[in-house]
Number of protein chains: 2
Amino acid sequence: MTAKRRRPTLQDVADRVGVTKMTVSRYLKHPEQVSSALRETIQQALDELGYIPNKVPDILSSAKSHAIGLLVPSLTNQVFAEMIRGFESVVEPAGYQTMLAHYGYSQSAEEARIATLLGYSVDGLILSESFHTERVRRMIKIAGVPVIELMDSVSPAIEQAIGFDNTAAAYAMTELMIERGHRNTVYFAARMDVRTRLKILGYERAMRRHGLEPFSLQTEEASSFTRGALLLRQALVRRPNLDGIFCTNDDLAIGAFYECQRLGIPVPQQIGIAGFHGHDIAAAMVPRLATVVTPREEVGRLAAENLLARLRGEPVGRPVIDLPFRLEAGESLRPAS
Amino acid sequence: MTAKRRRPTLQDVADRVGVTKMTVSRYLKHPEQVSSALRETIQQALDELGYIPNKVPDILSSAKSHAIGLLVPSLTNQVFAEMIRGFESVVEPAGYQTMLAHYGYSQSAEEARIATLLGYSVDGLILSESFHTERVRRMIKIAGVPVIELMDSVSPAIEQAIGFDNTAAAYAMTELMIERGHRNTVYFAARMDVRTRLKILGYERAMRRHGLEPFSLQTEEASSFTRGALLLRQALVRRPNLDGIFCTNDDLAIGAFYECQRLGIPVPQQIGIAGFHGHDIAAAMVPRLATVVTPREEVGRLAAENLLARLRGEPVGRPVIDLPFRLEAGESLRPAS
DNA sequence: AAACGTCCTGTTACGCGTAACATCTTACCG
DNA sequence: CGGTAAGATGTTACGCGTAACAGGACGTTT
């Protein structure tokens, strides 16, 4: 019977045709260099054996894998899912494979993932933070692969950052809330990553600028609808007369909104609510949620384009690519006076 | 100056220490086999050079990559994001790397992704469908890697399927709706994949069983909140006197719900609404959404455990692992009489 | 002191696709 | 018909970590 047969190699195909594996290899990469008589025979042998191209030997000798490592803190956070979609829409047609890894907002996990990805010889890296351990920076320098950092537009820690200005965005939304008469607001934050800190900064600056006292509620837990509800109840205890909630993302905002509905608090009359990112649901719900619409899919696309350019040998472009955000007032803030 | 230096290899480390690369390799894999005097020197050399382990040569000679290919149709669909989370929670601590790929519900794209993943020598594959092209089945057979198919509990096309019974789940929810007095219902389907078809089947069976006429509205577009709103308007035109909506997922259901709210249609008095999957938001919204709670994270975990067992050499377990689902009546159906 | 064991390090060979170069055939030119 | 070019195929070497085996140094046993 068939003993445990191993996956066919180029040599197996070549033997069947009666040529060397080099000829078969050429047929696969540069068919025009092979005589038309052989082409048919080789194709037939490939089909019969079911040859599956093996990239590993080439990766070993060329140290190029045609794979790009993409590191995100979390996959359940929709923002990153949409960023990934943008990224892949460019990278996949270009013939590159994405190696996705996530590190759960932990710097040591990020370090380990990067080492693993570099162990597979990825040609480039996309990171979702601009703060890294010393070892991460060193590894990347030694590996010599191009790196792009996403979702912030602060100065890049390594080479190039693509994102939007979280601080300015939060500042702008806070001002809109104030303008609409929500002056005694609370900021809801979850999972204190860098971006959240930048947003809080923008919120606080805008509040102070208008002579108001900023107040933020933070939790280490991941954000979710239920978390938003919880924070709302806490906020009402600590600031009973609050008239506005600005959330670090739409999930918290929607959770808070429903909790208001349950408690019979009219939105936006008594409390105005604003979210961040502008997911599909923000525009679908009643009332439409006020939110900062961020260009996350665009961030992914641009990251891919810039990285591919680097892999083609082009130099690093602008070190910071700052994309515009957009304020959506929705119906969860009081109407403009 | 430093000419373009390449990433250090084991040989570079060995040269610096004055041993052969075999000794350094041993230090990394079996440190107890190296004299304690050398250990320090080697570690120092590793640190100084910033050696990053290279997995590629070993993948080449062992044909084992310690990576598992995970194929999902879409990353923006939350169901898969949560399944992935369950999968990684098992696979990552076990020291395996996940290579994620998505194929946008296209069979030819699935074929291409599988070839790519096998080209990287993945040790196993997780697929999110149970229907595949002949070539896919052949490739997998030739590659000889273990494969698990997810999210259905129909008989596996290849070796083993892990999931839940979509047809039974849809049947059960349809019966619940009928029991609650929603008899003139419409099924909302988007993106007609296999699972959607199985659900429609369950819906139709339950309706017919009770002497009712099933009616389903389908679209090829991806589901979304806005899509749910759209479908609701279409349904009202085609079935003006409908009294219930059963959606293939929570997104459509929520979109339909908000559209009812906009149109002034009372839910659940005039129209009852049910979703599928039981995402966080279903329990958070007001009214709580009736939905089928599916064990998607558990599916991911079990898939990982079963695949790892296979990689340890254990035989295929039960060919079909059928996990239970749960009906959540919420507040978007009329109360039990 | 011969025989054997233990501990440590070195040597050799291997995996497989491809770039670079070598070789052979055939064709066409003056 | 020698010479050269073009076209097709073969040969060689390489990438780098590791399993398997070999060998040297030292200690212990009888």
Side-chain angles (χ1 to χ4, degrees), chain A residues 4-42 45-46 49 51-67 115-116 118-123 142-144, chain B residues 4-42 45-46 49 51-67 115-116 118-123 142-144:
Chain A
K4 51 184 169 210
R5 61 163 162 279
R6 63 167 185 14
R7 168 171 160 178
T9 67
L10 271 193
Q11 186 66 61
D12 298 327
V13 179
D15 289 349
R16 170 171 282 240
V17 178
V19 293
T20 57
K21 56 183 181 169
M22 195 60 228
T23 305
V24 184
S25 170
R26 257 191 291 256
Y27 169 73
L28 290 171
K29 308 218 92 175
H30 315 281
E32 76 286 354
Q33 293 180 10
V34 173
S35 66
S36 53
L38 267 183
R39 274 183 231 169
E40 260 181 65
T41 335
I42 292 176
L46 288 168
L49 290 175
Y51 175 74
I52 304 165
N54 183 355
K55 297 182 201 295
V56 180
D58 191 35
I59 297 174
L60 174 59
S61 55
S62 69
K64 295 265 160 282
S65 62
H66 266 224
T116 303
L118 291 175
Y120 286 104
S121 279
V122 291
D123 297 347
I142 289 172
Chain B
K4 52 187 170 202
R5 62 164 160 279
R6 65 170 182 10
R7 170 171 158 177
T9 68
L10 271 193
Q11 186 66 61
D12 297 328
V13 180
D15 289 349
R16 169 172 283 240
V17 178
V19 293
T20 57
K21 58 182 180 170
M22 195 59 230
T23 304
V24 183
S25 170
R26 256 192 290 258
Y27 169 74
L28 291 171
K29 309 218 92 175
H30 316 282
E32 76 286 354
Q33 293 180 9
V34 173
S35 66
S36 52
L38 266 183
R39 273 181 232 170
E40 260 181 64
T41 335
I42 292 176
L46 287 168
L49 289 174
Y51 175 75
I52 303 165
N54 182 355
K55 298 181 200 293
V56 181
D58 191 35
I59 298 174
L60 175 59
S61 55
S62 69
K64 295 265 161 281
S65 61
H66 266 223
T116 304
L118 291 175
Y120 286 104
S121 278
V122 292
D123 296 348
I142 289 172

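Per chain, numbering begins at 1; letters A, B, ... match sequence-line order.
Taking atom CG of A:D12 as the reference point, atom P of C:dG17 lies 9 Å away to the nearest angstrom. Remark: P of D:dC16 and CG of B:L49 are 14 Å apart, rounded to the nearest angstrom. At whole-Å resolution of the value, CZ in B:R6 and P in D:dC14 are 14 Å apart. Look at CD on A:E32: it is 16 Å from P on D:dA6, rounded to the nearest Å. Summarising the geometry, the separation between NE2 on A:H66 and C1' on C:dG17 is reported as 14 Å, rounded to the nearest angstrom. Distance, B:I42 CD1 to D:dG17 P: 14 Å, rounded to whole Å. Rounded to an integer number of Å, the gap from B:Q11 CD to D:dT18 P is 13 Å. The distance between atom CG of A:L46 and atom P of C:dG17, rounded to the nearest whole Å, is 11 Å.
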With a 3.5 Å cut-off and sequence neighbours excluded, list the donor-acceptor pairs that the side chains of residues 51-66 of chain A form with protein atoms.
residue : atom : partner : partner atom : Å
A:N54   : OD1  : A:V56   : N            : 3.0
A:S61   : OG   : A:P57   : O            : 3.3
A:S62   : OG   : A:D58   : O            : 2.7
A:S62   : OG   : A:K64   : N            : 3.1
A:S62   : OG   : A:K64   : O            : 3.3
A:S65   : OG   : A:A67   : N            : 3.1
A:S65   : OG   : A:S121  : O            : 2.6
A:S65   : OG   : A:D123  : OD1          : 3.4

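Taking the side chain as every heavy atom from C-beta outward, A:L118 and B:R7 approach each other to under 4.5 Å.
Along DNA chain C, the nucleotide closest to A:Y51 and the one closest to B:K21 are compared, and the more 5′ of them pairs with B:K21. Each of B:K29 and A:S35 was matched to the nucleotide of DNA chain D holding its nearest heavy atom; the match closer to the 5' end belongs to A:S35.
In terms of heavy-atom proximity, B:I142 sits nearest to A:L49 at CD1-O, 3.4 Å.
Residues of residues 54-64 of chain B that place a heavy atom closer than 4.0 Å to DNA chain D, in numerical order, are B:N54, B:P57, B:D58, B:S61.
Considering CG of B:L10 and CG of B:L28, their distance stands at 6.0 Å, rounded to 0.5 Å. Atom OG of B:S35 is separated from atom CD of B:E40 by 10.5 Å, given to the nearest 0.5 angstrom.
Proximity note for A:L38 (side chain, C-beta onward) versus C:dG10, C:dA19, D:dT9: the nearest is D:dT9. Looking at the side chain of B:M22, the nearest of the listed nucleotides C:dT9, C:dT18, D:dA20 is D:dA20.
For residues 26-39 of chain A, the set of pairs meeting the salt bridge (charged side-chain N to carboxylate O under 4.0 Å, His left out) definition, not counting sequence neighbours, is empty.
Taking the screw axis at each terminus of the helix from C:dA1-D:dT30 to C:dG30-D:dC1 from five consecutive base pairs, the angle between the two is 50° to within rounding of 10 degrees.
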Between N or O atoms, less than 3.5 Å apart, protein on one side and nucleotides 21-25 of chain C on the other: list the pairs.
none

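For A:T20 and D:dT9, the shortest distance from a side-chain N or O to OP1 or OP2 is not below 4.0 Å.
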Given B:R6 and B:D12, is the salt bridge (Lys or Arg N to Asp or Glu O under 4.0 Å) satisfied, shown in steps? CA-CA 11 Å; B:R6 65 170 182 10; B:D12 297 328; 3.2 Å; yes

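Remark: B:A45 engages B:V13, B:R16, B:V17 in a side-chain contact (heavy atoms from CB on, under 4.5 Å) (not counting sequence neighbours).
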